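One structure below.
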Amino acid sequence: MDDRKSWAIKDEAILDDLVTLLNLTAGEKELLVNLQEQAQSKAPALSEAFYQRLLAHPLTAEYVTDQIEERKGTLENWFVELFSGEYGSEYIQGRLRIGQIHVRIGLPVRYPLAMMDLILEIGLKVTASSPQPDQAVLAFRKLLALDLAIFNQAYEDTQLKHLAETMGNERLARRLLAGGQQ
Ligand code: HEM
């Protein structure tokens, strides 16, 4: 297998790469900003449903036993920021840091990824109130895809870093992660 150009993309450039891939337009950003108030009003319902779901499942409940009210607040802010219209470096670094926090608590990546289902459900209620709901849904889905990619990136960065340290070489580590093909 040949080396891939994407392997050479690091840090900040990874995030630029994703933003370019998603091709979020100025019009789409504006549609989202105009929904910020609706997002704010739906955020408490989101955090309520989010923690109900995590607490109902014993394997996720063991991660969220304390400071639930405070956590609900940070989740609500995270949700409203999806509609901030500013998706530059500060936004993306902030999201990456949140991903890293989940890596550090030993949470399997499948859980945050699966919870995006609930974010989509509430996000669709918000976009329904846009004067251009179809376009607003497309824009919202791009932001959600960006968060899925960033969460995953936080996990992959950690795995790759440790594997590269063990193998003494990132290229070998990438090949091993690809199933050991030469
Ligand atoms: C869509 C998925 C998720 C989002 C958007 C999300 C969002 C957040 C945010 C914004 C924070 C606060 C970070 C900070 O301190 O600045 C946080 C912390 C936390 N999240 Fe999540 N989360 C998600 C999934 C999960 C899941 C599935 C669990 C557990 C099963 C979880 C458990 C926690 C815990 C325990 C903390 C506190 C970590 C610490 O401060 O030590 N999260 N999350």
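Note that this is a predicted model, so its numbers are computed, not measured. When a ligand or atom number is given, it counts from 1 through the structure's own listing order.
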Task: Contact check, side chains of Gln40 and Val126, non-hydrogen atoms, under 4.5 Å - done: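 Gln40 vs Val126: side chains apart.
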
TODO: Determine whether Val64 and Leu55 make a side-chain contact, defined as any pair of heavy atoms from C-beta on separated by less than 4.5 Å.
DONE: yes

Open item on the list: Let me check something: do Leu113 and Leu96 share a hydrophobic cluster, defined by ILVMFWY side-chain heavy atoms less than 4.5 Å apart, either directly or through other members?
Closed with: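 Both belong to a single hydrophobic cluster.
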
Open item on the list: Starting from Tyr63, can I reach Val103 by hopping between I/L/V/M/F/W/Y residues whose side chains sit under 4.5 Å apart?
Closed with: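 Same cluster: Val103 reaches Tyr63 through Ile, Leu, Val, Met, Phe, Trp or Tyr contacts under 4.5 Å.
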
- [ ] Select one of side chain, backbone, both or neither to describe which atoms of Phe50 lie under 4.0 Å from any atom of ligand 1, heavy atoms only.
- [x]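 Side chain only.
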
Open item on the list: Can you tell me which portion of Leu118 lies within the under-4.0 Å heavy-atom range of ligand 1? Options are side chain, backbone, both, or neither.
Closed with: neither

Within ligand 1, which atoms have a heavy atom of [X] less than 4.0 Å away?
X: Thr60; answer: 30 (C)
X: Tyr63; answer: 29 (C), 30 (C), 35 (C)
X: Met116; answer: 1 (C)
X: Tyr111; answer: 27 (C)

Open item on the list: Looking only at protein heavy atoms, which one is nearest to atom 41 (O) of ligand 1, and what is the separation?
Closed with: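 The closest heavy atom on the protein side is Ile105 CG2, 3.9 Å.
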
TODO: Inspect the surroundings of CD in Glu86 and state if more than 12 heavy atoms from other residues, nucleotides or ligands are less than 6.0 Å away.
DONE: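 For Glu86, atom CD is not crowded (no more than 12 foreign heavy atoms under 6.0 Å).
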
Open item on the list: For Glu165, is the CD atom crowded, meaning more than 12 foreign heavy atoms sit under 6.0 Å from it?
Closed with: yes

Task: Polar protein atoms (N, O or S) that approach atom 21 (Fe) of ligand 1 to under 2.8 Å - done: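 The answer is His102 NE2.
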
Task: salt bridge (Lys or Arg N to Asp or Glu O under 4.0 Å) contacts touching residues 135-149 (sequence neighbours left out) - done: Glu28-Lys142, Arg95-Asp147

Open item on the list: Tell me whether the rings of Phe83 and Phe140 are parallel (<30°), tilted (30 to 60°) or perpendicular (>60°).
Closed with: parallel

- [ ] State, without any angle test, whether Gln153 and Asp157 hold a side-chain donor-acceptor pair at a distance under 3.5 Å.
- [x] yes

TODO: Could you tell me which non-hydrogen atom of Leu31 sits nearest to which non-hydrogen atom of Ala136, and how far apart they are?
DONE: CD1-N, 3.8 Å

Open item on the list: I'd like to check whether Arg97 has a polar contact with ligand 1, where a contact means an N/O of the residue lying under 3.5 Å from an N/O of the ligand.
Closed with: yes

